Amino acid sequence: MKEESVGTKRPTVADVARRAGTSTAVVSYVLNDGPRPVSDPLRARVSRAIDELDYRPDRRAQALRRQRRWRQIGLLVPDLTLPLFGEFVGSVERHARMRDYLTLVGNTGYEPEREEEFVTAFTEGGIDGLVVVGACNATTTAAQCAQARVPVVWMHNVRGDIDSEIVGIDHVEAGELATRHLVETHDCRDLAFVGGFTADDVAHGDRETVEQRYHGAMQVDGAAITQVSTDLTAGGAYAAVRDLLQRRPTLPAGVVVATYGQAAATTRALVDHGLRIPEDIKVVGFDGSQDRYGQFDVTSAQQPVDAITDLALDNLNAPAASATGPVPAAPVPFLHVGSSCGCRG
């Protein structure tokens with residue numbers, strides 16, 4: 001019959017040794033199957049004591065005692081269901097493995113409390129560093145990592161104030177890049193920008209990135225932009241675009257879709273209204289580097305995900321190196337030219 005040790009204290013090797021009437025060294029030999037032999041009767045006594053006390057080895061302590069090939073990093077993302085964040089996770093896992101890191105992934109769901117819970121669990125578990133993509137609780141997360149002396153690197157964007165570099169593209173530049181293509185290449189000047197960026201509009205989405213892209217779009221000379229506020233969900237984008245089309249006496253010449261997660265819903269709303277893309281209305285968006293086989297190959301400002309990941313992990317490994325060595329080039333957005341703007345058939 002199994003029983004607990006005194007109080008609620010977790011049983012130790014010493015407790016097992018006392019129960020079996022032997023030494024802690026012998027218990028260790030039984031647990032590790034060596035390096036010295038143990039007689040069958042004594043092994044049976046130790047095994048019985050382990051079972052009676054419900055003893056479980058402390059794996060973290062064992063890991064600290066032995067030399068490890070693999071180190072561990074924590075990776076926090078706000079929404080694994082979104083393709084961009086899934087792409088970041090895959091890239092971080094691949095590049096981390098090449099550096100002998102195993103990656104523990106936490107999906108925060110844009111919930112500050114959940115992000116805090118993951119940081120606590122990861123730091124208590126002994127991670128060697130933390131990568132945060134799209135932080136929703138950056139100020140608290142930074143304080144937790146500083147207290148635990150765990151290095152942290154930020155990617156893509158953050159919500160909250162931190163005194164650290166964010167490894168990623170300039171989303172203002174990305175917004176300008178996508179919008180300028182419509183204005184200068186296709187002479188589309190009456191534009192709709194699909195995406196919300198206030199706390200009232202967006203509770204759980206990447207509103208900081210959308211706001212930066214909107215500011216970039218507004219910098220393009222000759223563009224007259226109507227913002228179409230959405231909650232950044234596909235359903236919200238579809239409803240908002242349909243409403244715009246029904247109440248406007250004239251249609252916009254082009255649409256800038258602020259996030260990849262809204263792109264399919266936006267194009268569906270346009271088609272359901274009887275519009276042809278790109279003949280009647282042209283569309284540009286962001287991200288979506290893995291999507292080339294949907295109904296529309298959307299012209300989009302994209303991020304060099306692998307380059308961003310590589311730079312982030314370099315900073316995590318040696319955050320002080322960049323202060324003394326050459327400064328690496330900052331990742332920049334690039335334009336993928338698809339069929340939704342009319343450049344390609």
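The structure displayed is predicted, hence computed values, not measured ones.
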N-O pairing of [X] and [Y] below 4.0 Å:
X      : Y      : answer
Asp187 : Arg180 : no
Asp15  : Arg19  : no
Arg207 : Asp200 : no
Asp190 : Arg248 : yes
Asp310 : Arg99  : yes

Taking everything shown except Arg268 itself, do over 12 heavy atoms lie less than 6.0 Å from its CZ?
no
Mark yes when over 12 heavy atoms from residues, nucleotides or ligands other than Gln147 sit less than 6.0 Å from its CD; otherwise mark no.
no
In Å, rounded to the nearest 0.5 Å, how long is the span from [atom1] of [X] to [atom2] of [Y]?
X      : Y      : atom1 : atom2 : answer
Ile50  : Glu52  : CD1   : CD    : 10.5 Å
Ile127 : Ile73  : CD1   : CD1   : 8.5 Å
Thr103 : Arg94  : OG1   : CZ    : 11.0 Å
Thr309 : Gln303 : OG1   : CD    : 10.0 Å
Asp297 : His336 : CG    : NE2   : 3.5 Å

Say whether Asn137 and Tyr110, considering side chains only, have a donor N or O and an acceptor N or O under 3.5 Å apart.
no
Checking Gln144 against Thr123 for the side-chain hydrogen bond (donor to acceptor under 3.5 Å, both in side chains) test, could you report, in this order, the C-alpha distance in whole Å, the side-chain angles of both residues, the deciding distance, and whether it holds?
CA-CA 9 Å; Gln144 286 179 275; Thr123 54; 5.8 Å; no
What about Leu84 and Val153, same hydrophobic cluster or not, with Ile/Leu/Val/Met/Phe/Trp/Tyr joined at side-chain heavy-atom distances under 4.5 Å?
yes
Between Ala178 and Leu335, which heavy-atom pair has the shortest distance, and what is it?
CA-CD1, 4.4 Å
Looking at every heavy atom in both Val13 and Leu31, which two are closest together, and how far apart are they?
CG2-CD1, 4.5 Å
Residues Tyr214, Phe193; criterion ring-ring contact (aromatic ring centres under 6.0 Å, His included); working and verdict
CA-CA 7 Å; Tyr214 176 73; Phe193 181 94; 5.2 Å; yes
Please list every donor-acceptor pair under 3.5 Å in which a side-chain atom of residues 218-229 meets a protein atom from a residue at least two apart or in another chain.
from: Gln227; atom 1: NE2; to: Gly195; atom 2: O; distance (Å): 2.9
from: Gln227; atom 1: NE2; to: Ser229; atom 2: OG; distance (Å): 3.3

Apply salt bridge (Lys or Arg N to Asp or Glu O under 4.0 Å) to residues Arg48 and Asp51 and explain how you reach the verdict.
CA-CA 5 Å; Arg48 188 165 54 250; Asp51 187 55; over 6 Å; no
Could you walk me through whether His171 and His156 satisfy the ring-ring contact (aromatic ring centres under 6.0 Å, His included) test, starting with their C-alpha distance in whole Å, then the side-chain angles of each, then the deciding distance to 0.1 Å, before giving a yes or no?
CA-CA 9 Å; His171 293 286; His156 181 65; 4.9 Å; yes
